[in-house]
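I have placed the structure first, in the form of structure tokens, so that the comments after it can refer back to it.
The basis for the numbers below is simple: all heavy atoms, side chains too, and nothing from hydrogens, waters or symmetry mates. Remember, it's a predicted structure, so these values are computed and weren't measured experimentally.
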Amino acid sequence: QEELVESGGGLVRTGESLRLSCAASGRTFRHYAVGWLRQAPGKEREVVASVSPGGASTSYADSVKGRFTISRDFARNTVSLQMDNLKPEDTGVYYCAETRIAVVSRRVADFVSWGRGTQVTVSS
């Protein structure tokens, strides 16, 4: 069965770091752009970061630029999100999702295969 599985969420304090990882089970993970999206309480789901199939191109939401880094590990078939200097407004459920296009995207509608999500909570 093909699926995306996220890991690495948790509870941290303002200014601390977390690293999220997404593993693709049952298939390779390198044909399409992949992203991390989040659903904050009371807000619409948004694309936090995305990476191109080859890993050379990335895109970030303005709110996380300079703090978050998305990357691919082709040997392990994973996509990670390094989150530094976390803020309370980063709190939410983070989802790994894959598109069916070969370029980075900030459109939620482009992401068609989703993991179940992992909770990130940042306390003040």
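- Looking at every heavy atom in both residues, P53 comes nearest to R72 through O-NE, 3.3 Å.
- Atom OG of S63 sits about 8.5 Å away from atom CD of E89, to the nearest 0.5 Å.
- With hydrogens and angles disregarded, a donor-acceptor distance shorter than 3.5 Å links the side chain of S52 to the backbone of S57.
- Through ILVMFWY side-chain contacts below 4.5 Å, Y32 is grouped with nothing and stands alone.
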Check the pair T99 / V112 against side chain to side chain contact (heavy atoms under 4.5 Å, CB included), numbers first and verdict last.
CA-CA 6 Å; T99 69; V112 297; 5.8 Å; no
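- In this structure, T91 and V122 approach most closely via the heavy-atom pair OG1-N, 2.9 Å.
- For the residue pair S105 and V47, the shortest heavy atom distance occurs at O-CG1, 3.5 Å.
- Within the structure, disulfide bond (SG atoms under 2.5 Å apart) pairs that include any residue of residues 15-111 comprise C22-C96 (at least two apart or interchain).
- By the side chain to side chain contact (heavy atoms under 4.5 Å, CB included) test, R67 is found to be paired with V64, N85, K87, D90, residues two or more places apart in sequence or in another chain being considered.
- Hydrophobic clustering, with ILVMFWY side chains joined whenever heavy atoms are under 4.5 angstrom apart, groups V48 together with L20.
- A24 meets the side chain to side chain contact (heavy atoms under 4.5 Å, CB included) test with L4, F29, N77; sequence neighbours excluded.
- Every side chain to side chain contact (heavy atoms under 4.5 Å, CB included) that E16 has, sequence neighbours left out, goes to V12, R13.
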Steps toward side chain to side chain contact (heavy atoms under 4.5 Å, CB included) verdict (L86, T14)
CA-CA 5 Å; L86 282 160; T14 297; over 6 Å; no
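- Residues Y94 and V34 share a single hydrophobic cluster, defined by chaining ILVMFWY side chains whose heavy atoms lie under 4.5 Å apart.
- In the hydrophobic clustering (ILVMFWY side chains linked at under 4.5 Å, chained through shared members), L11 stands by itself.
- Between L81 and T69 the shortest side-chain heavy-atom distance does not fall below 4.5 Å.
- Within the structure, ring pair (Phe, Tyr, Trp, His ring centres under 6.0 Å) pairs that include any residue of residues 49-92 do not occur (at least two apart or interchain).
- Counting only residues at least two apart or in different chains, salt bridge (charged side-chain N to carboxylate O under 4.0 Å, His left out) contacts with residues 40-54 comprise R38-E46.
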Could you please spell out the steps behind the side chain to side chain contact (heavy atoms under 4.5 Å, CB included) verdict for W36 and S50?
CA-CA 6 Å; W36 285 93; S50 63; over 6 Å; no
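- Put simply, OG on S21 and CD on E6 are 9.5 Å apart, with the number rounded to the nearest 0.5 Å.
- K65 meets the salt bridge (charged side-chain N to carboxylate O under 4.0 Å, His left out) test with D62; sequence neighbours excluded.
- For R76, the salt bridge (charged side-chain N to carboxylate O under 4.0 Å, His left out) criterion is met by D73, not counting sequence neighbours.
- For the residue pair S17 / D84, a side-chain donor-acceptor distance below 3.5 Å is found, with atom types taken as modelled.
- Applying the side-chain hydrogen bond (donor to acceptor under 3.5 Å, both in side chains) test to every pair with at least one member in residues 111-124, sequence neighbours left out, gives these pairs: R100-S113, Q119-T121.
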Side chain to side chain contact (heavy atoms under 4.5 Å, CB included) between V79 and I70, worked out:
CA-CA 7 Å; V79 174; I70 189 171; 3.8 Å; yes
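- The side chain to side chain contact (heavy atoms under 4.5 Å, CB included) test applied to V103 returns I101, not counting sequence neighbours.
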